[in-house]
Amino acid sequence: MSHRFGNVSVNMRSDLWLHHRPLVVLLGPTAVGKSRIATHVAKHFDTDVLAADSRQVYRGMDIGTDKPTAEERRRVPHRLIDLVDPGETFNAGWYRRVALVEIERLYSEGRLPFIVGGTGLYIRTLVRGLCPAPQADPHVRAGLKKLKDERGREGLYAELMRVDPETAARLHPNDESKVTRAIEVYRLSGRPLSAVQAEHGFHETPFSALLIGLERRKDILYRRIEERIDWQLTHGMVEETRSLLGQGYGRELGSMKGLGYRQVGAYLAKECDYDEMVRRFKRDTRRFAKRQMTWFRSEAEVKWLSIEDNEPYERTAERVIARIEQFVSVIGQRKQLATMLHVS
RNA sequence: GCCGAGGUAGCUCAGUUGGCAGAGCACAGCCCUGAAAAGGCUGGUGUCGACAGUUCGAUUCUGUCCCUCGGCA
């Protein structure tokens, strides 16, 4: 596989990686077809798939998160999957930390880090960094929950206006989770989140990143979403949810609020009938895909590849590979030029 | 053919004692720095079935017609 990196020699690779830190990201909305294409691409570059997926990190949530199959994992190692139990907390900060370890490992092996996923924030923490605010703290959150219960959203928002008027101005009073987080940062660090963010500004560029976005016509994507959900429901989605609930993972957990588990959970609690559950599952997933596209469109540097409806996934994979080879080649030429200048 | 009921937003329907047409759902647009498959914000010109009449003014009242769904033939 070493000869695949354009005109970059094997000997240079490790050195090249360390200097230029190339990072390839394959992103796109749910059900666009990332996983299958990614396995193909990763195989080609003899590298691993590093997932950027906030749901596949949970052990035991397999069908509902559309995890890669055993066969796919045998062909290509998939990392950043199955990291925690559904009852444990996981967030963007944790993701970044563990992802960086995997990325460094690949560099040390002279391989190309290849991120694949649809969690926009997680991808951003790699490509542009994360501001050095303190981690989430359960005690502080419990205190803020109490404040909210006693004085409502207005009370919570009033507290934010007191400690961080700038962030308050940016957030809607109803956006409880973000209001809570902003107050939490202030309580833990003594500094308003707005100040920490202003310093950071998402300006870190730790990697030479290539972002490739996969997109499809909206009606086709929506059809694929529905087909996938039908498949999940006939392949154990309900049983998987029942089993998780049976293990004590309640519906209030963040992990259980994910798509599918939330709707099936409501069905199992007899809050709606089966057909209504399916309807909500599909609807909410469509809405999610739409939000993902809104997020990704604002990532200016994404190179979009539009997938035709009847395009075989091998063909798409080839197009992705071509993009990556071009990217690696450009970096290689830059490196060679730098070496020449240095020598002469 | 006759007798009912109905035709208002993509869908289901409400409503206007005649005065700029409104809900739910669906959908669309957007925001996002440790919950991100989460959380939050915003969005309604639609020949009120068609034509005519009454009226200052008709989606609303009257008439005729068309269409849909029941029932009877």
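Worth knowing before you read on, the calculation uses all heavy atoms, side chains too, and leaves out hydrogens, waters and symmetry mates. Numbers restart at 1 for each chain; the letters A, B, ... are given by sequence-line order, proteins then strands.
Of the P atoms belonging to B:G39 and B:G44, the separation is 25 Å, rounded to the nearest Å. Here the separation of B:C31 from B:U68, taken at their C1' atoms, is 45 Å to the nearest Å. Using atom C1' as the reference point in both B:A26 and B:U12, the two lie 11 Å apart (nearest Å). Rounded to the nearest Å, the gap between the C1' atom of B:G6 and that of B:G15 is 16 Å. Comparing the same atom, C1', in B:U17 and in B:A58 gives a spacing of 15 Å after rounding to whole Å. Remark: the separation of the C1' atoms in B:C27 and B:A23 is 16 Å, to the nearest Å. When the P atom is used for both B:U64 and B:C2, the distance is 12 Å, rounded to whole Å. Taking atom P in both B:C11 and B:A35, one finds a spacing of 42 Å when rounded to whole Å.
Side-chain atoms of A:S243 and A:Q247 form a donor-acceptor pair, as typed in the model, at a separation below 3.5 Å. Between the side chains of A:T30 and A:R228, a donor-acceptor pair is found at a separation under 3.5 Å.
Look at B:G29: its glycosidic torsion is beyond 90° from 0, and that puts it in the anti range.
In this structure, the separation between CZ on A:R128 and CD on A:E301 is 6.5 Å, given to the nearest 0.5 Å.
Within a 6.0 Å radius of CZ in A:R141, other residues, nucleotides and ligands contribute more than 12 heavy atoms. In the displayed structure, A:R105 atom CZ is contacted under 6.0 Å by more than 12 heavy atoms of other residues, nucleotides or ligands. Around CD of A:E226, the count of heavy atoms belonging to other residues, nucleotides or ligands within 6.0 Å exceeds 12.
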Q. So A:E252 and A:K145, salt bridge (Lys or Arg N to Asp or Glu O under 4.0 Å) or not? Walk me through it.
A. CA-CA 14 Å; A:E252 73 289 348; A:K145 171 88 166 50; over 6 Å; no
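With hydrogens and angles ignored, the 3.5 Å screen pairs a side-chain donor or acceptor of A:R59 with a backbone N or O of A:L83. A donor-acceptor pair under 3.5 Å is formed between the side chain of A:Y107 and the backbone N or O of A:P22. With hydrogens and angles ignored, the 3.5 Å screen pairs no side-chain donor or acceptor of A:E215 with any backbone N or O of A:W304. A side-chain donor-acceptor contact under 3.5 Å links A:R111 to the backbone of A:D46. Side-chain atoms of A:D48 never come within 3.5 Å of backbone atoms of A:L50 as a donor-acceptor pair (strictly under, hydrogens ignored).
What separates CG of A:L121 from P of B:C31 is a distance of 15 Å, to the nearest Å. Atom pair A:R286:CZ and B:G29:P shows a separation of 14 Å (rounding to whole Å applied). Regarding A:L144, its CG atom lies at a distance of 15 Å from the C1' atom of B:G34, rounded to whole Å. Per the geometry, CG belonging to A:D137 stands 12 Å off C1' belonging to B:G34, to the nearest Å. If you take CZ of A:R191 and P of B:G34, they are 15 Å apart, rounded to a whole angstrom. Put simply, CG on A:L160 is 12 Å from P on B:U33, counting in whole angstrom units. The CD atom of A:E166 sits 14 Å away from the C1' atom of B:U33 (whole-angstrom rounding). Atom C1' of nucleotide B:U33 and atom CG of A:L188 are separated by 15 Å, given to the nearest angstrom.
Within the nucleic acid shown, A:T119 comes within 4.0 Å of sugar-phosphate atoms alone, with no base atom in reach, counting heavy atoms only. Using a 4.0 Å heavy-atom distance criterion, A:G120 is classed as making no nucleic acid contact. Base engagement by A:G64 is indicated by at least one non-hydrogen atom pair under 4.0 Å involving a base atom. Heavy atoms of A:D53 sit under 4.0 angstrom from at least one base atom. Within the 4.0 angstrom heavy-atom criterion, base atoms lie near A:A133.
For A:E199 and A:R191, the salt-bridge test passes: some basic side-chain N is under 4.0 Å from an acidic carboxylate O.
OP1 and OP2 of B:C31 both lie 4.0 Å or more from every side-chain N or O belonging to A:R170. The side chain of A:K218 contributes an N or O atom lying less than 4.0 Å from OP1 or OP2 of B:G29. Taking 4.0 angstrom as the limit, A:R279 places a side-chain polar atom (N or O) nearer than this to OP1 or OP2 of B:A26. Residue A:R283 has no polar side-chain atom (N or O) positioned under 4.0 Å from OP1 or OP2 of B:C27. One finds no side-chain N or O of A:R124 lying less than 4.0 angstrom from the OP1 or OP2 phosphate oxygen of B:U33.
Side-chain proximity of A:H200 to B:U33, B:A38, B:G34: nearest is B:U33.
Side-chain contact between A:E311 and A:R216: absent, with no pair of heavy atoms (C-beta onward) separated by less than 4.5 Å.
Here A:R153 pairs with A:E176 under the salt bridge (charged side-chain N to carboxylate O under 4.0 Å, His left out) rule; sequence neighbours left out.
Residue A:D309 forms a salt bridge (Lys or Arg N to Asp or Glu O under 4.0 Å) with just one option from A:R223, A:R217, A:R224, and that option is A:R223.
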Using a cutoff of under 3.5 Å, can you pull out all pairs of nitrogen or oxygen atoms linking the protein to nucleotides 39-43 of chain B, with atom names and distances?
residue, atom, partner, partner atom, Å
B:G39, OP1, A:R262, NH2, 3.4
B:G39, OP2, A:R262, NH2, 3.1
B:G39, O2', A:D175, OD1, 2.7
B:G39, O2', A:S177, OG, 3.4
B:G39, N2, A:D175, OD2, 3.2
B:G39, N2, A:K178, NZ, 3.1
B:G39, N3, A:K178, NZ, 3.0
B:G40, OP1, A:R153, NH2, 3.4
B:G40, O4', A:D175, OD1, 3.4
B:C41, OP1, A:N174, ND2, 2.5

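Remark: A:Y222 in residues 222-249 of chain A come within less than 4.0 Å of RNA chain B through at least one heavy atom. In the region residues 86-97 of chain A, proximity to RNA chain B at under 4.0 angstrom, judged on heavy atoms, holds for A:F90, A:N91, A:A92, A:G93, A:R97.
A:V179 shares a hydrophobic cluster with A:V140, A:L144, A:L147, A:L156, A:Y157, A:L160, A:M161, A:V163, A:L171, A:I183, A:Y186, A:L188; the chain of contacts runs through ILVMFWY side chains whose heavy atoms sit under 4.5 Å apart.
For RNA chain B, runs of at least 3 consecutive pairs of the Watson-Crick or G-U wobble type, with both hydrogen-bonding distances under 3.5 angstrom, map to B:1-7 with B:66-72, B:10-13 with B:22-25, B:27-31 with B:39-43, B:49-53 with B:61-65.
Under the stacking criterion of a centre-to-centre distance below 5.5 angstrom and an interplanar angle below 30°, A:W295 is not stacked against the six-membered ring of B:C32.
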